[in-house]
Amino acid sequence: MNGTITKRCGCRDAAGRQLVGSCPKLKQRTHGVWSLMQELPPRDDGTRRRFRRSGYKTKGDAQTGMNALAALLDIADRKSDPDGRRRIADLLETVAASGEDIPNYDETKRRFATGQSLTQHMTVAEWLDTWLAGKKALRKSGETRYEVDIRCHLKPRIGHIRIDRLTVQHLDEMFAGIAEGNAEIHDANMQRRAAVDELKTIPWKGSENRGRRRYLKDAIAAMEPFRRITGPSSTQKHVRDTLRAALNTAIARGAITFNPASYVELTPAKRPKAMVWTAERVEAWLRTGERPSAVMVWTPEQAGQFLDFLAETQHRLLPLFHLITFRGLRRGEACGVRWADYSAPTRSMTIAVQLVQDGWEVIESAPKTDSGERVISIDEYTAEVLDAHRTKQAAERCEWGPAWIESGRMFTQEDGERIHPGWLTDQFERLVELSGLPPIRLHDLRHVAASLMLAAGVDVKIVSETLGHSDSRITRDIYQSVMPRAAAEAAEATAAMVPRGSARLPKQKAVEAANEQDGHTMATHVGAKIIAFRPRLVGA
């Protein structure tokens, strides 16, 4: 196709007419600018169209632009692909009208080969909608989480950017904005909390007090409600992972070649460390009301006290909490388990479904992960608890008669209705408070189950499979810190492994010093106890 390169300027003659290309100064190298004109394939109706671009400083620059246009037009074969030629021409006509740079050859060729539109560029928001709509195998909870990430964080901050122009800097700015928003939320929450606390201290009586109370109520009503910050350890990481997954799909479909979400660094945040409610921590909690960690775990004795409390009060949820305590079911798994999933003769239970809370709506779905679908063994004592529970549930069915709701669940309300996961959490917190035990979350009963199994010497791989973890490293990372008894025994065993000679242990020296005053020595006896202790620990 024909194309020309010309040089023009803006000079005018005495009559005010523009000289265009006839100006004598155009022979000077620095006078005027170079422009190009390239014929394009005609439109569908046969009308002629051209690509024009000016402003090149040198003829070489204009020739480079002309070569780029020719290369783009050659992406589609001249003879065998006239439709493809028109697609390229549509692109160049759009670029000429908008003043955008001539499109990159490699990117255009890739988009052309994958059948994508060359004239329309999808924004991040448009692509996220397309991507989420195509996720057919998502569980309801996963879809909701993705939708929240997209609606609350990604669309408002980067949704307007073209997907092929998204950079790491854009994402750094997005997370910096989230951090600034967190600071604003924190300040607003503190202000609202201070006003609420002050309101509680003002007496009802007295005109001055009533006026102050009215003023604070109006101020609180005008404030933002309490809001949660977007934490770096979970929410921000999930936002980044959502975007990364969406962009990986865009790469697979040929829309982009680079995923900036894979190169974003977030502020590191440590996972809350699980701690055991030792006597010292319980005493500090009673004195200050503060928990040492967000994740607290009962000792075996405390877990036993809780179950004994439920037994003494004849609480109908005892079997459910017993099962979580010893077998480590998740909340949704415990609410969703069916009698059909339990085999009394083999004392085994299949974890195949769970009840998931979406807002306040409850949805039945598969377990959290593929490894969550598992078969767990039931010990003899737990089997007796479940058998007694089955008998009691049969009596409730008879008592309710036609009004009984046949849900098939192992654990139900008194009328057979399934248990709502959120309601179960509320009941657990209330029961823990009534028992007088230090507080833990319902999910922390899984930690109790894991620590009990590990302390009993169960292999960590079996513990991991029982809990439904996808990797045994998760089990080690979370639960090994809550085994003080096992750690103490390991420390004693390690110390006893090394025999000592003249450089005796401080305890030995103290015993010798005390006995020398009485004219006796016990060094041999103490040494013998240490030596005798060591073989038992190493299995000799």
Side-chain angles (χ1 to χ4, degrees), residues 124-125 128 141 144-161 168-202 212-244 260-261 263-275 281 284-297 357-360 422 425-426 429 432-433 438-444 447 478 481:
V124 172
L128 289 172
S141 59
T144 300
R145 186 67 185 271
Y146 282 140
E147 190 274 332
V148 170
D149 289 342
I150 292 170
R151 173 171 49 84
C152 297
H153 301 289
L154 296 174
K155 277 188 177 182
R157 297 184 182 276
I158 60 173
H160 62 285
I161 301 173
V168 176
Q169 182 177 353
H170 288 137
L171 303 188
D172 286 340
E173 292 172 355
M174 177 182 73
F175 285 109
I178 290 176
E180 293 177 3
N182 283 342
E184 294 175 0
I185 292 173
H186 177 268
D187 291 344
N189 286 348
M190 292 292 289
Q191 185 178 2
R192 185 180 180 89
R193 173 57 61 192
V196 170
D197 291 343
E198 182 181 353
L199 181 63
K200 293 179 180 178
T201 63
I202 300 176
R212 180 60 179 170
R213 290 182 63 85
R214 191 181 308 110
Y215 169 78
L216 285 173
K217 286 183 178 180
D218 291 341
I220 292 171
M223 294 177 184
E224 289 280 353
F226 287 115
R227 292 174 292 169
R228 297 178 61 182
I229 65 171
T230 306
S233 61
S234 55
T235 310
Q236 290 189 34
K237 181 178 181 299
H238 198 278
V239 170
R240 180 189 62 184
D241 292 347
T242 296
L243 180 62
R244 181 166 54 194
Y263 300 92
V264 174
E265 292 187 11
L266 300 180
T267 303
K270 295 182 179 179
R271 184 192 299 268
K273 188 178 181 63
M275 294 184 178
R281 289 170 181 155
W285 166 71
L286 291 172
R287 186 174 64 254
T288 65
E290 297 180 359
R291 302 187 190 188
S293 172
V295 181
M296 298 302 299
V297 182
Q357 183 176 337
D358 180 23
W360 192 249
T425 296
D426 294 339
E429 293 176 353
V432 171
E433 185 176 356
I440 66 170
R441 304 171 305 167
L442 176 55
H443 190 75
D444 294 337
H447 298 34
I478 297 177
S481 61

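Both backbone and side-chain heavy atoms feed into the values below; hydrogens, waters and symmetry mates do not.
In this structure, the separation between CD on Glu224 and CG on Asn189 is 9.5 Å, given to the nearest 0.5 Å. Rounded to the nearest 0.5 Å, atoms CG (Leu154) and CG (Leu243) are 5.5 Å apart. Once rounded to the nearest 0.5 Å, the distance linking CD of Glu173 with CD of Glu180 reads 10.5 Å. Distance check, rounded to the nearest 0.5 Å: CZ of Arg193 to CD1 of Ile220 gives 9.5 Å. Between Leu266 atom CG and Thr235 atom OG1 the span is 11.0 Å, to the nearest 0.5 Å. Taken to the nearest 0.5 Å, the OH atom of Tyr263 stands 13.0 Å off from the CZ atom of Arg240.
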Side-chain polar contacts of residues 289-297 - donor-acceptor pairs under 3.5 angstrom, sequence neighbours left out - could you list them?
residue, atom, partner, partner atom, Å
Ser293, OG, Lys273, O, 2.6
Ser293, OG, Val295, N, 3.2

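Partners of His186 by side-chain hydrogen bond (donor to acceptor under 3.5 Å, both in side chains), not counting sequence neighbours: none found. Residues passing the side-chain hydrogen bond (donor to acceptor under 3.5 Å, both in side chains) test with Arg212, sequence neighbours excluded: Glu198. When the side-chain hydrogen bond (donor to acceptor under 3.5 Å, both in side chains) test is applied to Glu184, no partner is found at least two apart in sequence or on another chain. The ring-ring contact (aromatic ring centres under 6.0 Å, His included) check on Phe226 picks up nothing, with sequence neighbours excluded.
Annotation: side chain of Asp187 is not in contact with side chain of Arg192 (no heavy-atom distance under 4.5 Å).
For Arg441 against His447, the heavy-atom pair with the smallest separation is NH2-NE2, 4.3 Å. Minimum interatomic distance between Ile158 and Val124 (heavy atoms only, all atoms of both residues): O-CB, 3.4 Å. In terms of heavy-atom proximity, Ile440 sits nearest to Val432 at N-CG1, 4.5 Å. Across all their heavy atoms, Arg227 and Ala188 have their closest contact at NH2-CB, 4.1 Å.
Sorted by first then second residue, the salt bridge (Lys or Arg N to Asp or Glu O under 4.0 Å) pairs that include residues 147-156, not counting sequence neighbours, are Asp129-Lys155, Glu147-Arg151.
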Chi angles and distances behind the salt bridge (charged side-chain N to carboxylate O under 4.0 Å, His left out) call for Arg214, Asp218 = CA-CA 6 Å; Arg214 191 181 308 110; Asp218 291 341; over 6 Å; no

